[in-house]
Amino acid sequence: MQGPLRARRVKLGPLAVSQVCFGTEHINRSVPEYGGDILADAARLHGVFFWDTDNAYGSHTQVAAGLKKQPRDQIVVCSKTYGRSREEAEYDLERTLRELDTPYLDLCLLHEVAAGTFDEKLPALEVLLRAKAEGKVRAVGLSTHSAGIVSRGADCEGIEVVCAPFNREGSRIEEGTLPEMEAALKKAHRNGKGVYVIKVLGKGELTYDIRGALEWAVERGDFIDVYNLGVANLSELRQNLAAVNDCCRRREGGR
């Protein structure tokens, strides 16, 4: 008999996380208690204990409710700052900690770092690095839709995780080609950064072939640590998790 459907446990930079991340944007319309139950069950039943949120998603209340249903040290929470200045980053971080009702974030990303704006984000990076030293953040990273920014992050000592869209059609990449994004992610992985990919299904554009899209991404698991799969319920999560696990088993069997 097949055992429980559970996510694999992997390393993302300095963090131990589930290979599949629960992107929480799609539960933002749930009653907070119900959304919290979905997240808690994802962790308890399926080992998906890496949850991604954002102060623009509208899902902080659901994530906060989920955190009350599981021991805090058994959940990994990622959020972001859009800030460029120190003041903006400090505001985002304190707001996020307050709304999630948690003393720390496991991962905080400089969010939506557009092509040519890396240097403008350095004051915000200083805030996150100071927050890490103070115990308010456990790991620091960046998210971007630019291959060039991924490459720049790969060379930045303070950046521990890079997060970018990556799917077989190159959808949602705003600067650079799909081969250039792949090369940048490989560089980041070689340099010891955690590699965390989003938009694996192109924000819905590849749902006509979910298994095929996931298989394409898993085949590149040599340089990808985590797959963020935004879902609205446990049924969607189980479908995607089953596909990822199956693709991983077949990939490993073919070596």
Side-chain angles (χ1 to χ4, degrees), residues 7-8 10 12 17-29 38 42 48 50-54 56-59 78-80 82 107 109-115 141-151 153 161-189 193-248 250-251:
R8 298 178 177 210
V10 299
L12 180 68
V17 301
S18 50
Q19 183 186 37
V20 168
C21 172
F22 196 125
T24 64
E25 184 175 5
H26 300 295
I27 64 169
N28 61 3
R29 296 185 181 180
I38 292 173
V48 178
F50 182 23
W51 306 344
D52 181 284
T53 187
D54 179 344
Y57 288 174
S59 62
C78 171
S79 195
K80 301 108 178 177
Y82 293 83
L107 175 61
L109 305 177
L110 296 173
H111 196 35
E112 293 189 352
V113 184
L142 66 79
S143 74
T144 180
H145 291 230
S146 161
I149 294 293
V150 171
S151 181
V161 175
V162 296
C163 173
F166 193 62
N167 57 70
R168 70 183 187 190
E169 294 185 5
S171 173
R172 306 290 167 165
I173 297 173
E174 296 174 359
E175 184 270 328
T177 64
L178 178 58
E180 287 170 339
M181 180 63 82
E182 181 166 336
L185 293 172
K186 287 179 176 177
K187 174 185 175 182
H189 197 265
K193 313 298 183 182
V195 175
Y196 168 32
V197 295
I198 58 174
K199 308 295 190 292
V200 179
L201 301 178
K203 203 168 185 179
E205 296 170 9
L206 282 75
T207 53
Y208 67 90
D209 182 20
I210 291 175
R211 181 168 287 269
L214 292 175
E215 183 171 336
W216 180 91
V218 170
E219 285 175 353
R220 287 150 180 81
D222 288 341
F223 62 91
I224 297 173
D225 301 306
V226 171
Y227 305 90
N228 179 318
L229 303 176
V231 296
N233 52 58
L234 288 178
S235 177
E236 291 181 6
L237 177 67
R238 283 190 285 264
Q239 177 186 18
N240 292 344
L241 179 57
V244 169
N245 284 357
D246 184 51
C247 291
C248 285
R250 289 193 288 109
R251 176 174 175 267

Smallest heavy-atom separation, Leu185 atom then Val195 atom, equals O-CG2, 3.7 Å
Quick check: do Asp209 and Arg168 have side-chain heavy atoms less than 4.5 Å from each other?
yes
Does Ile198 reach the side chain of Phe166, with side-chain heavy atoms less than 4.5 Å apart?
no
Quick one: which residue pairs count as a side chain to side chain donor-acceptor pair (under 3.5 Å) with a foot in residues 169-183, not counting sequence neighbours?
Ser146-Glu175, Glu169-Tyr208, Ser171-Glu205, Arg172-Glu205, Thr177-Glu180, Glu182-Lys186
For residues Asn228 and Val197, determine if any side-chain heavy atom of one lies less than 4.5 Å from a side-chain heavy atom of the other.
no
Nearest heavy-atom contact between Ala184 and Ala147 is CB-O, 3.4 Å
Looking only at heavy atoms, the pair that brings Leu214 and Asn240 closest together is CD1-O, 3.8 Å
So Val17 and Val10, do their side chains get closer than 4.5 Å, heavy atoms only?
yes
Donor-acceptor check, side chain of Asn167 to backbone of Leu201, threshold 3.5 angstrom: yes or no?
no
Decide yes or no for Cys248 and Arg8: does some side-chain heavy atom of the first lie under 4.5 Å from some side-chain heavy atom of the second?
yes
Ile210 vs Gln239 side-chain heavy atoms within contact, under 4.5 Å
yes
When rounded to the nearest 0.5 Å, the distance separating CD1 of Ile224 from CD of Glu219 is 10.5 Å
Do Tyr82 and Asp54 pair up side chain to side chain, a donor and an acceptor below 3.5 Å, judged on atom types alone?
yes
Identify the heavy atoms of Asp225 and Gln19 that sit nearest to each other, and give their distance.
O-CG, 3.7 Å
Check the pair Leu229, Val48 against side chain to side chain contact (heavy atoms under 4.5 Å, CB included), reporting the backbone distance first and the verdict last.
CA-CA 11 Å; Leu229 303 176; Val48 178; over 6 Å; no
Looking at every non-hydrogen atom in both residues, tell me the closest pair between Ala217 and Val200 and how far apart they are.
CB-CG1, 3.7 Å
Distance check, rounded to the nearest 0.5 Å: Ser18 atom OG versus Trp51 atom CH2?
10.0 Å
Is the distance between the ring centroids of Tyr196 and Phe50 under 6.0 Å?
yes
May I ask you to test the Asp52-Tyr57 pair for a side-chain heavy-atom distance under 4.5 Å?
yes
Give a yes or no answer on whether the side chain of Asn28 reaches the backbone of Glu25 with a donor-acceptor pair at less than 3.5 Å.
yes
One thing to verify: whether Asp222 and Arg251 come together as a salt bridge, which I'm taking to mean a side-chain N less than 4.0 angstrom from a carboxylate O.
yes
Please round to the nearest 0.5 Å and tell me the distance separating atom CD of Glu112 and atom NZ of Lys80.
9.0 Å
Taking the side chain as C-beta and beyond, is there a heavy-atom pair between Asp246 and Arg211 under 4.5 Å?
yes
Can Val20 and Val226 be said to form a side chain to side chain contact (heavy atoms under 4.5 Å, CB included), step by step?
CA-CA 6 Å; Val20 168; Val226 171; over 6 Å; no
Verify salt bridge (charged side-chain N to carboxylate O under 4.0 Å, His left out) between Glu215 and Arg250, making sure each step is shown before the conclusion.
CA-CA 10 Å; Glu215 183 171 336; Arg250 289 193 288 109; 3.1 Å; yes
For Ser79 and Thr53, which I'm curious about, is there any donor-acceptor pair between the side chains at under 3.5 Å?
no
Rounded to the nearest 0.5 Å, how far does SG of Cys78 lie from CZ of Phe22?
14.5 Å
Leu109 and Ser143: which non-hydrogen atoms are nearest, and at how many Å?
CD1-CB, 4.0 Å
